[in-house]
Amino acid sequence: MIIATAGHIDHGKTLLVKALTGVDTDRLPEEKKRGVSIDLGFAYDNLAEGTRVGFIDVPGHERFVRNMLAGVTGIDFALLVVAADDGPMPQTIEHLAILDLLGVTAGAVALTKIDRVTPDRVAEVRIGIGALLGDTGLAGIPVFPLSALTQEGVPALRQHLAEAAGALAARSRAGQFRLAIDRCFTLTGAGVIVTGTVFSGAVAVGDRLTLSPQGLSVRVRAIHAQNQQAETGSSGERCAVNITGSGLSKELVHRGDWLLAPAAHAPSRLVDARVRLLPSEPRPLAHWSPVHLHLGAADVTGRIAVLEGASIAPGQSGLVQLVLDRPIGAVRGDRLILRDQSAQRTVGGGAVIDPFSPRQGRRTPQRLAYLAALEREPAVERLAAVLEEAPAGVSLNRLALAWNLDNAQAESLWRGADMVRVGKPDDPIGIARGHWAAARDAVLDALRQWHDARPDQPGPGEDRLRRQLPQRIPAEVLSALVLDLLRDGRVVREGSAVSLTGHRPALLVADAELWDRVAALLDVDDMRPPRVREIAEQLDVELRTLEQLLARVTRMRMVHRVADNRYYLTETLRRLARVAETLARESPEGIFDARAFRDASGIGRNVAIQVLEFFDGLGLTRREGDARRIHRPAAEVFD
Ligand SMILES: Nc1nc2c(ncn2[C@@H]2O[C@H](COP(=O)(O)OP(=O)(O)O)[C@@H](O)[C@H]2O)c(=O)[nH]1
Ligand SMILES: [Mg+2]
């Protein structure tokens with residue numbers, strides 16, 4: 001369990017941690033000199049046997065709320081410290097608001113310095129605290145009056161913390177490993193060490209990780225979990241991780257960076273979130289307000305794009321897009337805090353809905369519907385809603401990344417969904433079954449329209465077909481649709497053309513007339529049809545017109561182009577193939593040469609060679625030196 005202190009400066013947070021753990025967390029010389037906590041302090045203790053607790057002592061000064069925020073984002077339990085003499089003060093209120101926005105619901109109040117006040121005053125402050133906790137997520141947490149100086153009341157608090165630590169259900173190790181880095185230093189002999197709270201997943205010595213957003217690959221040499229040497233570290237622990245990697249140096253690592261499972265590294269500058277404005281804010285949060293965003297241990301500046309309406313009123317929540325000046329690592333559900341531009345005031349906070357927002361169309365009705373789907377719980381319903389809002393399908397890898405699912409979680413979620421998975425196996429696209437059926441119909445409709453408009457042509461290639469569809473879909477999805485329709489016998493593919501089954505390109509009337517006359521000339525007994533130029537002369541048509549017609553009927557497989565200037569009817573080629581087959585059959589080795597073919601067919605040397613080369617191309621014959629062998633039967637080739 002990780003406990004963080006919270007509360008106004010000088011209310012006794014640091015002394016209380018020392019009373020509980022024996023550790024003085026004010027370690028910086030300046031902190032010692034001034035008696036003020038500036039940065040985060042850390043202490044660990046076995047409050048009860050077997051339950052090791054990590055304390056994060058935060059600074060109370062208003063100037064160091066930024067540091068406080070770096071410490072409290074991943075905690076399990078808040079220890080709100082209020083001095084009995086002062087009572088609640090500004091940072092008591094601000095810290096409590098932050099804890100509430102972060103969704104912290106477990107905690108206790110330490111009502112310190114009771115040695116300085118009367119019992120009546122203690123009772124009075126207690127009531128004030130109760131009112132303050134009011135309708136926050138921490139309402140009703142127990143209050144422990146105590147003195148860190150005399151130790152009165154400290155054992156009762158310690159006892160309570162030990163029980164809370166024991167009762168806290170072990171955090172799930174699910175999700176990809178994510179550690180929010182709050183410190184980085186070097187140790188002689190060890191090298192670079194980063195420390196932070198593990199938000200999800202687990203890590204082991206020897207693992208490969210990625211330093212994010214830098215994208216630097218590192219390896220884990222050693223781990224301290226809750227300040228003890230360990231082989232693994234996992235969610236809910238503070239860890240110090242000794243990392244190595246080429247190009248790694250202390251100067252490269254900053255508070256706010258992440259140490260991540262390589263698959264979880266995907267920094268983003270556009271993050272959609274639902275945020276609530278604190279009721280104490282004097283003005284509504286306007287579109288394009290500059291803010292500080294705190295997420296994990298990071299603090300980045302950026303602007304707020306309000307997605308619904310013109311602004312968010314104090315005390316209200318709304319959808320926003322965070323347009324950040326620097327990329328951060330975020331996943332759905334990550335809690336965040338917003339502070340004003342000059343970093344003096346906490347403005348509000350909330351949770352990430354989509355860490356990968358689109359640059360364009362961030363407030364279109366479709367996008368807002370998609371965001372509403374992303375807000376659904378539990379994950380099974382959310383996935384169903386997301387698929388419903390994505391007729392062209394969604395990248396499942398991207399969803400797993402955005403939702404921080406490890407492979408096992410993702411697979412079990414995908415398996416339960418009513419969707420088809422298409423595309424590359426390692427980069428699948430999920431499409432709701434209903435949308436899939438509609439997309440199949442859309443493809444068939446598009447092909448029908450295509451054929452109606454161009455009765456003399458085969459269907460379009462996939463690229464053009466994709467452009468005919470009313471809905472844009474990825475190329476992989478169309479390929480999968482075509483494959484599905486091929487399997488069902490609804491479409492056929494010839495070369496790159498996709499046509500409806502049963503579509504026979506018909507010739508236009510004028511073409512058909514000319515074709516009748518051309519076909520008559522090609523239909524010869526001697527198996528030596530005239531050349532293209534001869535046909536044009538004989539029929540008195542333009543060479544170009546004839547060539548265009550021949551190209552069209554070739555696509556329709558009514559003729560074959562054997563050479564540039566010579567076309568054959570299929571029937572004539574069948575007869576020539578029979579000649580070749582007979583020659584091969586009659587030879588002991590099953591082979592024949594060009595001369596034998598010329599003599600047997602009587603079509604002359606040049607044409608014989610053209611025809612044989614054409615047969616080679618079809619795979620009917622295969623060349624072996626000067627001879628040829630039948631490779632595939634003609635019946636098969638011409639069918
Ligand atoms: N009398 C009394 N003084 C206390 C108590 N707790 C803290 N102090 C004193 O209050 C001052 C501020 O304490 P510190 O722990 O640094 O406060 P922080 O700013 O909240 O961390 C120090 O001088 C402490 O010795 C207490 O229970 N009783
Ligand atoms: Mg302090």
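First listed ligand is number 1; within each ligand, the first listed atom is number 1.
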Does this structure show an ion pair linking [X] with [Y], if we count only N-O contacts that are shorter than 4.0 Å?
X	Y	value
Asp24	Lys32	yes
Glu124	Arg121	yes
Glu31	Arg27	no
Glu377	Arg332	yes

Present, as a list of atom pairs with distances to 0.1 Å, all nitrogen or oxygen contacts under 3.5 Å between ligand 1 and the protein.
unit_1   : atom_1 : unit_2 : atom_2 : d
ligand 1 : 1 (N)  : Asp115 : OD2    : 2.8
ligand 1 : 1 (N)  : Arg116 : NE     : 3.4
ligand 1 : 10 (O) : Lys113 : NZ     : 3.1
ligand 1 : 15 (O) : Thr14  : N      : 3.2
ligand 1 : 15 (O) : Leu15  : N      : 2.8
ligand 1 : 17 (O) : Gly12  : N      : 3.0
ligand 1 : 19 (O) : Asp10  : N      : 2.7
ligand 1 : 20 (O) : His11  : N      : 3.2
ligand 1 : 20 (O) : Gly12  : N      : 3.0
ligand 1 : 20 (O) : Lys13  : N      : 2.8
ligand 1 : 20 (O) : Lys13  : NZ     : 2.8
ligand 1 : 21 (O) : Thr14  : N      : 3.0
ligand 1 : 21 (O) : Thr14  : OG1    : 2.8
ligand 1 : 27 (O) : Lys113 : N      : 3.2
ligand 1 : 27 (O) : Ala148 : N      : 2.9
ligand 1 : 28 (N) : Asp115 : OD1    : 2.9

Is the Lys NZ or Arg CZ of Arg398 less than 6.0 Å from the centre of Phe356's six-membered ring, within 45° of the axis?
yes
Less than 4.5 Å apart, any side-chain heavy atom of Arg276 and any of Asp100?
yes
With side chains defined as the heavy atoms from C-beta onward, is the minimum distance between Leu179 and Val203 less than 4.5 Å?
no
Full working for salt bridge (charged side-chain N to carboxylate O under 4.0 Å, His left out) between Glu308 and Arg363
CA-CA 7 Å; Glu308 295 167 307; Arg363 38 186 306 173; over 6 Å; no
What do the steps show when you test Thr244 against Arg221 for side chain to side chain donor-acceptor pair (under 3.5 Å), and what is the final call?
CA-CA 7 Å; Thr244 56; Arg221 265 177 64 175; 5.5 Å; no
Which of the protein's N, O or S atoms come within less than 2.8 Å of the Mg ion (ligand 2), not counting waters?
Thr14 OG1, Ser37 OG
